[in-house]
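Just below is one structure, and these are the notes that go with it.
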Amino acid sequence: MTPTTQPEVWLRGPLPGLLPLLQPLAQALLQAREEIETALAAFPDVLLPVRPAEVASVGFHLRHLSGVLDRMQTYARQEPLSAAQFAYLAAEKEGLTPPETTAALVRRFRQTVEQMLETLRTTPEATLPEFRPVGRQALPSTVIGLLVHATEHTTRHTGQLLVTARLVQALAQGKLLLPAT
């Protein structure tokens with residue numbers, strides 16, 4: 001079965017090695033990864049920075065998805081962000097190292113999802129309600145709050161990315177149809 005002919009990840013049964021409470025998070029991350037990999041398999045690199053109607057570009061979404069997952073894991077471990085993470089955050093909007101490729105950005109997202117899945121596998125249930133400060137202002141959260149936010153943020157940006165990717169491809173191919181006025 002291909003990802004398009006299989007049921008969605010959450011309907012494929014439990015994932016091994018994960019607490020039942022964290023299963024939906026892992027399943028949502030895997031679903032996002034599958035959808036992004038499928039949608040961007042042949043996405044032209046030249047379209048990565050395109051911002052139709054000034055919305056965020058596909059390149060931004062891919063960079064941001066990886067960055068958020070990485071940062072939320074750091075906060076969940078109760079560690080400060082590193083200089084490299086701050087540099088990545090600052091560069092998310094503009095791109096990191098030209099020339100960027102779709103394949104490289106998707107590969108990075110895949111790796112970051114794998115890291116997040118490992119975090120989910122190794123997070124003890126007893127730590128889920130523990131306080132975790134977020135950001136320079138040390139805003140209040142918990143381990144479960146950070147893990148849930150990382151996942152919901154991923155699904156939100158995945159949806160935006162998928163729509164933007166289809167739109168910029170349609171524009172590039174001259175296939176955008178507008179209603180007659």
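Bear in mind the structure is a predicted one, so any value in this text is a computation, not a measurement.
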>> Please give me the minimum heavy-atom distance between Arg63 and Ser57, naming the atom from each residue.
In response: NH2-OG, 4.4 Å

>> Run the side chain to side chain donor-acceptor pair (under 3.5 Å) test against Arg77 and tell me which residues pass, sequence neighbours left out.
In response: Thr74, Glu79

> side chain to side chain donor-acceptor pair (under 3.5 Å) with Gln78: which residues, sequence neighbours excluded?
Replying inline: Arg132

> After noting the C-alpha distance and the side-chain angles of Leu19 and Leu22, does the key distance pass the side chain to side chain contact (heavy atoms under 4.5 Å, CB included) rule?
Replying inline: CA-CA 5 Å; Leu19 295 169; Leu22 300 180; 4.0 Å; yes

> Looking at Thr164 and Ala56, what are the two nearest heavy atoms and their distance?
Replying inline: CG2-O, 3.6 Å

> Got a sec, which residues hit side-chain contact (heavy atoms from CB on, under 4.5 Å) with Thr142, two or more places apart in sequence or on another chain?
Replying inline: Ile144

>> Tell me which one of Arg108, Glu92, Arg107 satisfies side-chain contact (heavy atoms from CB on, under 4.5 Å) with Ser66.
In response: Arg108

> Are Leu120 and Val148 in one and the same hydrophobic cluster, where Ile, Leu, Val, Met, Phe, Trp and Tyr link if side-chain heavy atoms are under 4.5 Å apart?
Replying inline: yes

Listed pairs under 3.5 Å, donor-acceptor, residues 43-51 side chains, sequence neighbours left out:
unit_1, atom_1, unit_2, atom_2, d
Asp45, OD1, Thr102, N, 2.8
Asp45, OD1, Thr102, OG1, 3.0
Arg51, NE, Val55, O, 3.0
Arg51, NH2, Glu54, O, 2.6

> Taking the hydrophobic residues Ile, Leu, Val, Met, Phe, Trp and Tyr, and joining any pair whose side-chain heavy atoms are under 4.5 Å apart, which ones share a cluster with Trp10?
Replying inline: Leu11

> What residues, two or more places apart in sequence or in another chain, satisfy side chain to side chain donor-acceptor pair (under 3.5 Å) together with Arg121?
Replying inline: Glu118

> Which residues satisfy the side-chain contact (heavy atoms from CB on, under 4.5 Å) test with Leu15, sequence neighbours excluded?
Replying inline: Leu18, Gln23, Ala26, Gln27, Leu30

> Atom OH of Tyr88 and atom NE2 of His64: how far apart are they, to the nearest 0.5 Å?
Replying inline: 10.0 Å

>> Test side chain to side chain contact (heavy atoms under 4.5 Å, CB included) on Phe60 and His157; report intermediate values, then the result.
In response: CA-CA 10 Å; Phe60 165 77; His157 277 275; 4.1 Å; yes

>> Ignoring hydrogens, what is the shortest heavy-atom contact between Leu146 and Ala76? Give both atom names and the distance.
In response: CD1-N, 3.5 Å

>> Can you give me the closest heavy-atom contact between Val134 and Ser141, atom names plus distance?
In response: CG2-CB, 3.7 Å

> Who are the salt bridge (charged side-chain N to carboxylate O under 4.0 Å, His left out) partners of Glu8, not counting sequence neighbours?
Replying inline: none

> Can you list the residues that meet the side chain to side chain donor-acceptor pair (under 3.5 Å) rule with Gln111, with sequence neighbours excluded?
Replying inline: none

> With sequence neighbours excluded, what pairs up with His149 under the ring pair (Phe, Tyr, Trp, His ring centres under 6.0 Å) test?
Replying inline: His153

>> Strictly by salt bridge (Lys or Arg N to Asp or Glu O under 4.0 Å), give each pair with a member in residues 133-146 just once, sequence neighbours left out.
In response: none

> So, for Pro24 and Leu21, which heavy atoms are closest and what is the spacing to 0.1 Å?
Replying inline: CD-O, 3.6 Å

> Any chance the side chains of Gln169 and Gln173 put a donor and an acceptor closer than 3.5 Å?
Replying inline: no

> Do you see a donor-acceptor pair shorter than 3.5 Å between the side chains of Asp70 and Gln85?
Replying inline: yes

> Where do Leu65 and Thr158 land on the side chain to side chain contact (heavy atoms under 4.5 Å, CB included) test, with the steps shown first?
Replying inline: CA-CA 8 Å; Leu65 284 164; Thr158 296; 4.2 Å; yes

> What residues, two or more places apart in sequence or in another chain, satisfy side-chain contact (heavy atoms from CB on, under 4.5 Å) together with Ala150?
Replying inline: Leu69, Met72, Met116

